[in-house]
Number of protein chains: 2
Amino acid sequence: MERIVRKYRGKGFKLTPQRIAILKFLEGNTNHPTADDIYTEIKKKYPTVSFATVYNTVQALRDRGELLEITIDPERKHFDPNPSAHHHIMCTGCGKIGDVFFDYSESLGLPEEVTREFAVTGNHIDFYGICSSCRAKTS
Amino acid sequence: MERIVRKYRGKGFKLTPQRIAILKFLEGNTNHPTADDIYTEIKKKYPTVSFATVYNTVQALRDRGELLEITIDPERKHFDPNPSAHHHIMCTGCGKIGDVFFDYSESLGLPEEVTREFAVTGNHIDFYGICSSCRAKTS
DNA sequence: TACTATAATAGAATTATTCCAAGATAGTAA
DNA sequence: TTACTATCTTGGAATAATTCTATTATAGTA
């Protein structure tokens, strides 16, 4: 909490109670929550919180480069409060998303017919797999 | 058209005029259309076609492994009638999506802490960049 | 030719997300 | 400490993408 206040105070980012609750929920969270996950959690403490607040806050964080929007799940967006370049893996059984911290950039050279048309600025790898608990269930 | 009939006849996939039109539109199409793109196109010839038909058809094709659903664009799903393993690049200026035909699988080993938890089954790389026409506009 | 399983349609329903107007408040400057 | 104002929160409406449902139509077959 003190850390959060220190980080955001006086940076043109108004620290409201709802925002602090969202920031606390996200800090160190590696579950890749959806907007609904965040909303449901914050609602416990602030029953009148609205989705607009959740979306406004994640957008403000994204604009500041402090949160990533993840597209690995075709059904809905997930958010990752760790903005450092990394990749993700999703279980095709239960939808669980894990982080992949490994720098593949040296290996991701593009064919010339692509670089002729696109100036590449970034990349992100989606891995798919089956998590251990889903494997335990089906075997 | 004959090719399409040959490919699907007697395979439990009913070839209706609407489906044939969708298949013809998709065949060799590298523009990665959205459901709306397909709908708009088919509507020209079959004004009463519905979105349900478009979604049913792409889902049937996906189930048969003949079409990929692409998640690179956070705003909407795109479809790729080329089901062979490949990757994509999207222009962050105009949203144009290009194909990347290169097999990176040798380079995409995963850290042990990931393979301990997930049995990996696949991967897909999203590249981001600026396409040539967007570069021409801004410079 | 007739039958039947499957598809097409219109429109309603659902879900995710964004927008909007009104009231509330955090951060500031005095 | 006070007062100001830019920014935030809220509820609800709006939008957009997608799915569902009941009904009618039809492709493929026997």
Side-chain angles (χ1 to χ4, degrees), chain A residues 1-2 4-25 32-64 67 69-79 95, chain B residues 1-2 4-25 32-64 67 69-79 95:
Chain A
M1 164 82 193
E2 284 68 32
I4 290 173
V5 173
R6 231 177 297 122
K7 182 170 181 187
Y8 290 97
R9 189 164 37 196
K11 304 261 175 60
F13 181 90
K14 220 181 239 187
L15 274 178
T16 65
Q18 295 86 344
R19 286 188 162 187
I20 291 170
I22 293 173
L23 290 166
K24 280 166 82 172
F25 175 61
H32 310 91
T34 62
D36 191 69
D37 293 334
I38 300 170
Y39 175 76
T40 300
E41 177 65 25
I42 305 312
K43 212 170 173 58
K44 290 178 189 167
K45 191 163 177 191
Y46 298 96
T48 65
V49 75
S50 70
F51 267 106
T53 296
V54 173
Y55 282 107
N56 282 344
T57 303
V58 296
Q59 187 165 345
L61 292 173
R62 186 168 15 130
D63 291 348
R64 305 170 133 254
L67 172 139
E69 188 177 291
I70 300 174
T71 63
I72 194 172
D73 177 0
E75 303 315 312
R76 56 190 63 76
K77 291 176 188 166
H78 292 251
F79 300 100
Chain B
M1 164 80 192
E2 284 68 34
I4 291 172
V5 173
R6 229 177 297 126
K7 181 168 180 186
Y8 290 97
R9 190 163 36 197
K11 304 261 175 62
F13 182 89
K14 220 181 240 188
L15 272 178
T16 65
Q18 295 86 344
R19 285 187 163 189
I20 291 170
I22 293 172
L23 290 166
K24 280 165 81 172
F25 176 61
H32 309 91
T34 62
D36 191 68
D37 293 334
I38 298 171
Y39 174 76
T40 301
E41 177 64 25
I42 305 311
K43 212 172 172 58
K44 289 179 189 166
K45 191 163 178 193
Y46 297 97
T48 66
V49 75
S50 71
F51 266 107
T53 296
V54 172
Y55 281 106
N56 283 343
T57 303
V58 297
Q59 186 165 343
L61 293 173
R62 187 171 12 131
D63 291 347
R64 305 170 131 252
L67 173 138
E69 188 177 293
I70 301 174
T71 63
I72 193 171
D73 176 359
E75 303 313 313
R76 57 190 62 77
K77 291 175 187 166
H78 293 250
F79 300 99

Spacing of [atom1] belonging to [X] relative to [atom2] belonging to [Y], to within rounding of 0.5 Å:
| X | Y | atom1 | atom2 | value |
| --- | --- | --- | --- | --- |
| L67(B) | L23(B) | CG | CG | 10.0 Å |
| D36(A) | H78(A) | CG | NE2 | 10.5 Å |
| I20(A) | L15(A) | CD1 | CG | 5.0 Å |

NZ of K45(B): more than 12 outside heavy atoms within 6.0 angstrom? no
Taking [Y]'s backbone N and O only, do any of them form a donor-acceptor pair with [X]'s side chain (distance below 3.5 Å, no angle check)?
| X | Y | value |
| --- | --- | --- |
| N56(B) | T53(B) | no |
| T34(B) | K77(B) | no |
| R19(B) | K14(B) | yes |

Parallel, tilted or perpendicular: which describes the rings of F51(B) and Y39(B), with under 30° parallel and over 60° perpendicular? parallel
Any non-hydrogen side-chain atom of H32(B) less than 4.5 Å from a side-chain atom of F79(B)? no
Between K43(B) and E41(B), is there a side-chain heavy-atom distance shorter than 4.5 Å? no
Along nucleotides 9-21 of chain C, 5' to 3', which nucleotides get a B, which get an S, and which get a -, given that the test is a protein heavy-atom distance under 4.0 Å? BB-----SSBB--
Summarise how protein sits on nucleotides 23-30 of chain C as a single string, 5' to 3': B when a protein heavy atom is under 4.0 Å from the base, S for sugar-phosphate-only contact, - for no contact. --BBSS--
Start and end of the DNA chain D segment that chain A contacts, any atom under 4.0 Å from a heavy atom: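 Range of nucleotides touched by chain A: dA6(D) to dG11(D).
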